[in-house]
Amino acid sequence: MAQQPVPFSVGTEAPRFRAPPNACDCHFHIYDNRTPPAPGGLAAPDASPDDYRKLQQRIGTTRGVVIQPSLYGTDNTPTLRGMAALGPNFRGVAVVNTSVTDAELQRLHAAGIRGIRFNLAQFGATTLEMLEPLSQRVDALGWHCQINMPGEKIVEAGDTFRRVRGKLVFDHLAHCPQPAGVESETFKVIRALIDKGNTWVKLSGAYADTKSGPPAYADSSAVARAFAAAAPQRMVWGSDWPHPTEAMDKKPDDAVLFDLLTNWVPDEAARKRILVDNPAELYDFPKS
């Protein structure tokens, strides 16, 4: 059935896969030009809570996690405004540095923040050296540290990640480089971290490192299937709307991206776990 068009997304058809109740989109951004950009951030046009609601209506999710984008550095105002506008079914992941006060962390927690992001894909507000001290501080709040980083850099930083005792979440299939995919050193490092028991992976960004492209994203799909088969209890799904790394004329079809889950996770119970139960654990939603 055709839906209304969604900004920053092509296509109008609904996904074939019907989302279970309380399904969560664990990775999307709100952009608001009332907040000035920070140095090194990836620019993007405004993407409002009302715009995002249209995506929800199209794909059928009812919970979500607003991720602070690199564009605003440590000014989390757009993310907090977006969460407040979207309502109680939403959580957030903020960006802070080591100068953040305990009082600010408590304020963010009260607003629904449940993690902090290290966007190390480009120069920005955080560095790898901040990870260990900040992880220790936010672990006491039950939060996690979310990592967006090129796959080769993840391998180089493997010792740092292995030392972290708090929860780690890697964005976009951990950017396993293609065409190596599941044979890459990145995949092996992340699999070992998952086995350690504190690491999660986002089944998101199928287009981020693909060489084969849409609609099947066969190379990224192989990585997603392998991660999901190995540890479905440590996977969550995200749309990455409004797809800030993709040019305006190259935006993906969000229904196609959502339908990839039936290929990545053939088992219905495992899909529910990834869409509902795992997000409830990781982001402190009510258990369904």
Side-chain angles (χ1 to χ4, degrees), residues 26-27 67 93 115-122 124 126-132 134-136 139 143-214 216-238 240 245 257 260-267 270-271 273-275 277-279 281-282:
C26 296
H27 193 109
I67 307 300
V93 173
I116 55 174
R117 191 184 195 207
F118 293 78
N119 192 338
L120 304 173
Q122 62 263 333
T126 54
T127 64
L128 184 65
E129 291 69 30
M130 295 179 185
L131 176 61
E132 288 182 86
L134 282 172
S135 175
Q136 292 172 11
D139 188 46
W143 295 10
H144 61 273
C145 292
Q146 177 180 326
I147 313 296
N148 185 46
M149 194 176 194
E152 296 86 351
K153 297 292 186 183
I154 289 173
V155 175
E156 293 174 13
D159 287 344
T160 299
F161 296 131
R162 283 185 283 271
R163 286 195 301 266
V164 172
R165 295 186 178 181
K167 288 178 284 191
L168 295 171
V169 180
F170 285 87
D171 285 353
H172 310 325
L173 304 173
H175 288 290
C176 288
Q178 297 296 348
V182 295
E183 301 300 325
S184 67
E185 287 302 311
T186 306
F187 183 85
K188 295 170 187 174
V189 167
I190 297 296
R191 278 290 288 111
L193 289 169
I194 290 171
D195 289 344
K196 185 168 165 254
N198 65 330
T199 293
W200 305 63
V201 173
K202 287 194 178 177
L203 302 179
S204 61
Y207 46 77
D209 299 282
T210 186
K211 304 294 186 192
S212 57
Y217 300 98
D219 48 6
S220 297
S221 291
V223 172
R225 281 195 303 272
F227 276 136
Q233 75 279 12
R234 288 290 177 268
M235 302 291 129
V236 292
W237 176 84
D240 195 29
T245 60
L257 295 179
L260 287 174
L261 267 173
T262 59
N263 174 275
W264 294 355
V265 190
D267 180 71
R271 283 198 302 271
R273 182 167 195 167
I274 289 166
L275 285 167
D277 303 328
N278 294 347
E281 178 183 346
L282 188 59

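FYI, side chains are in, hydrogens and waters are out, and symmetry mates aren't considered; it's all heavy atoms of this structure. The chain is numbered in sequence order, starting from 1.
- The side chain to side chain contact (heavy atoms under 4.5 Å, CB included) search around Ala224 returns Leu173, Leu203, Trp264, not counting sequence neighbours.
- Considering all non-hydrogen atoms of both residues, Ala229 and Pro232 come closest at O-CD, 3.9 Å.
- Side chains of Asp159 and Arg163 form a contact here, defined as non-hydrogen atoms less than 4.5 Å apart.
- Here the NE2-NZ distance, from His27 to Lys202, works out to 5.0 Å after rounding to the nearest 0.5 Å.
- Test Asn148, Thr186, Ile147 against His175 for side chain to side chain contact (heavy atoms under 4.5 Å, CB included) and you get one pass: Asn148.
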Let me see the working for Thr210 and Gln178 under side chain to side chain contact (heavy atoms under 4.5 Å, CB included), right down to the final yes or no. CA-CA 6 Å; Thr210 186; Gln178 297 296 348; 5.6 Å; no
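- The only option from Phe227, Phe187, Phe161, Phe118 that meets the ring-ring contact (aromatic ring centres under 6.0 Å, His included) definition with Phe170 turns out to be Phe161.
- When every heavy atom of Pro150 is checked against every heavy atom of Ala121, the shortest pair comes out as CD-CA, 3.9 Å.
- Put simply, the residue from Asp240, Val201, Asp209 that forms a side chain to side chain contact (heavy atoms under 4.5 Å, CB included) with His172 is Asp240.
- With rounding to the nearest 0.5 angstrom, the CG atom of Asp277 is 12.5 Å from the CG atom of Leu282.
- To the nearest 0.5 angstrom, Ile116 atom CD1 is 4.5 Å from Leu134 atom CG.
- The shortest non-hydrogen separation linking Ala216 to Ser221 is O-OG, 2.8 Å.
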Val93 and Trp143: side chain to side chain contact (heavy atoms under 4.5 Å, CB included), yes or no, with the steps? CA-CA 9 Å; Val93 173; Trp143 295 10; over 6 Å; no
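- Contact annotation: the side chain of Asn278 never approaches that of Arg234 to less than 4.5 Å [non-hydrogen atoms, C-beta and beyond].
- When only modelled atom types and interatomic distance are considered, His144 and Asn198 share no side-chain donor-acceptor pair under 3.5 Å.
- Here the closest non-hydrogen pair linking Val182 and Ala226 is CG1-CB, 3.7 Å.
- For Arg191 and Asp195, the salt-bridge test passes: some basic side-chain N is under 4.0 Å from an acidic carboxylate O.
- Note on Arg117 versus Asp171: salt bridge recorded, some NZ/NE/NH1/NH2 to OD/OE distance being below 4.0 Å.
- Here the closest non-hydrogen pair linking Ala174 and Ile154 is O-CD1, 3.3 Å.
- Taking SG of Cys145 as the start and NZ of Lys167 as the end, the distance is 10.5 Å to the nearest 0.5 Å.
- In this structure, NZ on Lys211 lies 10.0 Å from OG on Ser220, to the nearest 0.5 angstrom.
- Between Leu260 and Tyr217, the closest side-chain pair of non-hydrogen atoms falls below 4.5 Å.
- Residues Arg271 and Ile274 are not in side-chain contact: their nearest non-hydrogen atoms beyond the backbone lie 4.5 Å or more apart.
- The two residues Ser184 and Cys176 come nearest to each other via the heavy atoms OG-CB, 4.0 Å.
- Taking CG from Leu257 and OG from Ser204, the interatomic distance works out to 10.0 Å, rounded to the nearest 0.5 Å.
- Side chains of Asn263 and Arg225: a donor-acceptor N/O pair is present below 3.5 angstrom, by distance only.
- Residues Thr199 and Val164 have side chains not in contact (no heavy-atom distance under 4.5 Å, counting atoms from C-beta outward).
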